[in-house]
> 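Quick one: the structure is below, and I'll ask about it shortly.
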Amino acid sequence: MPSPMMKATLAAAGLSSASNILAQFLEAYRDSRPFVFDLAKFLQFVAVTFITAPPNYMWQQLLERSFPAYELRKAPTGDVEKQNVGGEDAANGAEQKPKLNLRNTFTKWFIDCITLGAIFNTVAFFVLMGILKAQPLAQIQQNIRNETIPVIVAGYKIWPFASIISFSCVPVEKRIVFLNFVGLLWGIYMSLVASRV
């Protein structure tokens, strides 16, 4: 039975595959040329996903452990004095109900989407793509200098909203899959970026 991280990685690779094929199709359409599948571009893009999905999965786990989205709270049982005395809460039918922790959700969003996550993932993309394309170090550095800020700014148009939904509504073990589904569209954009760098 594959681990949750392996399942998330395979799902991410599947979505990246679809986004790259769609991007190649859109490039052909935009350039008014017949569609010809570029296996090298496809394999490079999917390889980046296989390399980055496990660390991103662990990153999401770390964020959730550090800043849990939900905290348990007890439902009122009627008699406040009887609560927590000899386990009477369970006898009275009190149950734990999750409550969204807005501060933790905002903190995760800020760390992941606005600062560290955005920077790390964007730079990792350009480094890995450059290595897979056998680009010289100077070219990789130029791609990072010229493309990182535009990609991050473009990402601010989609990822803040996707992250808030992810952190507040999606279970942590399904978060990478959800974000990669949103990333299907983002992957099309990034495939187009990868073809120009």
Side-chain angles (χ1 to χ4, degrees), residues 2 5-57 59-60 109 112-170 174-197:
M5 182 168 50
M6 179 58 73
K7 288 179 184 177
T9 300
L10 292 172
L15 291 167
S16 289
S17 297
S19 66
N20 186 265
I21 292 167
L22 289 169
Q24 288 189 41
F25 179 77
L26 290 173
E27 278 184 305
Y29 178 79
R30 180 193 64 200
D31 297 342
S32 299
R33 61 177 167 77
F35 173 72
V36 177
F37 180 68
D38 187 332
L39 182 61
K41 279 185 183 180
F42 174 81
L43 292 175
Q44 290 164 349
F45 197 74
V46 174
V48 169
T49 300
F50 271 111
I51 294 167
T52 60
N56 273 300
Y57 183 89
W59 171 248
Q60 292 300 318
W109 170 77
D112 185 50
C113 190
I114 303 299
T115 58
L116 295 176
I119 294 166
F120 172 77
N121 279 310
T122 304
V123 171
F125 176 81
F126 289 122
V127 169
L128 292 169
M129 194 57 69
I131 290 169
L132 292 170
K133 289 182 171 186
Q135 293 177 336
L137 182 59
Q139 178 65 48
I140 294 171
Q141 290 171 333
Q142 181 180 344
N143 291 340
I144 291 169
R145 274 193 307 274
N146 295 343
E147 299 288 342
T148 298
I149 297 301
V151 166
I152 289 174
V153 169
Y156 287 162
K157 296 173 185 173
I158 187 171
W159 290 115
F161 306 107
S163 291
I164 288 292
I165 291 168
S166 169
F167 289 137
S168 60
C169 302
V170 179
K174 305 245 189 272
R175 206 167 281 160
I176 289 296
V177 176
F178 170 77
L179 291 173
N180 275 285
F181 182 72
V182 172
L184 180 67
L185 296 175
W186 181 250
I188 292 170
Y189 171 75
M190 291 305 291
S191 287
L192 296 171
V193 169
S195 70
R196 76 173 184 243
V197 296

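Not measured: the values here are computed from a predicted model.
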> Quick one: are Leu132 and Phe45 in side-chain contact, heavy atoms under 4.5 Å?
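They are not in side-chain contact.
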> With sequence neighbours left out, what residues match Phe161 under side chain to side chain contact (heavy atoms under 4.5 Å, CB included)?
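Phe161 satisfies side chain to side chain contact (heavy atoms under 4.5 Å, CB included) with no other residue.
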> Are the side chain of Thr122 and the backbone of Ala118 linked by a donor-acceptor contact shorter than 3.5 Å?
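Yes.
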> Indicate yes or no: at least one non-hydrogen side-chain atom of Ser195 is less than 4.5 angstrom from one of Glu27.
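Yes - at least one pair of side-chain heavy atoms lies under 4.5 Å apart.
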> Can you spot which of Gln139, Gln141, Arg145 makes a side-chain hydrogen bond (donor to acceptor under 3.5 Å, both in side chains) with Asn143?
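Answer to the side-chain hydrogen bond (donor to acceptor under 3.5 Å, both in side chains) test with Asn143 among Gln139, Gln141, Arg145: Gln139.
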> Any side-chain heavy atom of Trp159 sitting closer than 4.5 Å to one from Val182?
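A side-chain contact under 4.5 Å exists here.
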> Would you say the side chain of Phe50 lies within less than 4.5 Å of the side chain of Leu10, judging by non-hydrogen atoms?
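Counting from C-beta outward, Leu10 and Phe50 do come under 4.5 Å.
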> Which is it for Gln24 and Asn20 under the side-chain hydrogen bond (donor to acceptor under 3.5 Å, both in side chains) test, yes or no, and what are the steps along the way?
CA-CA 6 Å; Gln24 288 189 41; Asn20 186 265; 2.7 Å; yes
> Between Tyr57 and Thr9, is any pair of side-chain heavy atoms under 4.5 Å apart?
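Answer no - side chains too far apart.
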> With sequence neighbours excluded, tell me which residues meet ring-ring contact (aromatic ring centres under 6.0 Å, His included) with Phe37.
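Partners of Phe37 by the ring-ring contact (aromatic ring centres under 6.0 Å, His included) criterion, ordered by chain and then number, come out as Phe42.
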> Using atom types as modelled and distance alone, determine if a side-chain donor or acceptor of Asp38 lies under 3.5 Å from a backbone N or O of Ala40.
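At least one qualifying donor-acceptor pair exists.
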> Would you indicate whether the side-chain heavy atoms of Lys174 and Lys7 approach each other to under 4.5 Å?
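The answer is no; the side chains never approach within 4.5 Å.
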> Measure the CG-CG distance between Leu22 and Leu192 for me, rounded to the nearest 0.5 Å.
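Going from the CG atom of Leu22 to the CG atom of Leu192 covers 10.5 Å.
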> In the structure I gave you, are the side-chain heavy atoms of Trp59 and Leu116 within less than 4.5 Å of one another anywhere?
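Trp59 reaches Leu116 side chain to side chain.
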> CZ of Phe178: more than 12 outside heavy atoms within 6.0 angstrom?
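Count over threshold, so yes.
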> Between Ala23 and Ser191, what is the shortest heavy-atom contact and its length?
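So the minimum-distance heavy-atom pair works out to CB-CB, 3.3 Å.
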> Please report the interatomic distance CD1(Ile164) to CH2(Trp109), rounded to the nearest 0.5 Å.
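Result: 6.0 Å between the selected atoms.
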> Measuring from Leu128:CG to Asn121:CG, what's the distance to the nearest 0.5 Å?
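Here the interatomic distance stands at 10.0 Å.
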> Heavy atoms only: give me the nearest Asp112-Ser163 pair and the separation to one decimal.
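Closest approach of Asp112 to Ser163, heavy atoms only: OD2-OG, 4.1 Å.
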> So do Thr148 and Phe125 actually touch side chain to side chain, heavy atoms under 4.5 Å?
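No. Closest side-chain heavy atoms not under 4.5 Å.
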> Nearest 0.5 Å, please: how far is CD1 in Ile51 from CE in Met129?
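One gets 9.5 Å once the value is rounded to the nearest 0.5 Å.
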> On a heavy-atom basis, which atom in Ala154 and which in Tyr189 lie closest, and how many Å separate them?
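Smallest heavy-atom distance, with atoms named: CB-OH, 3.7 Å.
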> Can you check whether Ser16's main-chain N or O pairs, donor with acceptor, with Ser19's side chain at less than 3.5 Å?
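Yes, the answer is positive, given that a donor and an acceptor are paired below the 3.5 Å cut-off.
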> Take the angle between the ring planes of Phe25 and Tyr29 and call it parallel below 30°, perpendicular above 60°, tilted in between.
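If you compare the ring of Phe25 with that of Tyr29, the planes turn out parallel.
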> To the nearest 0.5 Å, what is the distance between CD1 on Ile144 and CD1 on Ile149?
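Between Ile144 CD1 and Ile149 CD1, I get 11.5 Å after rounding to 0.5 Å.
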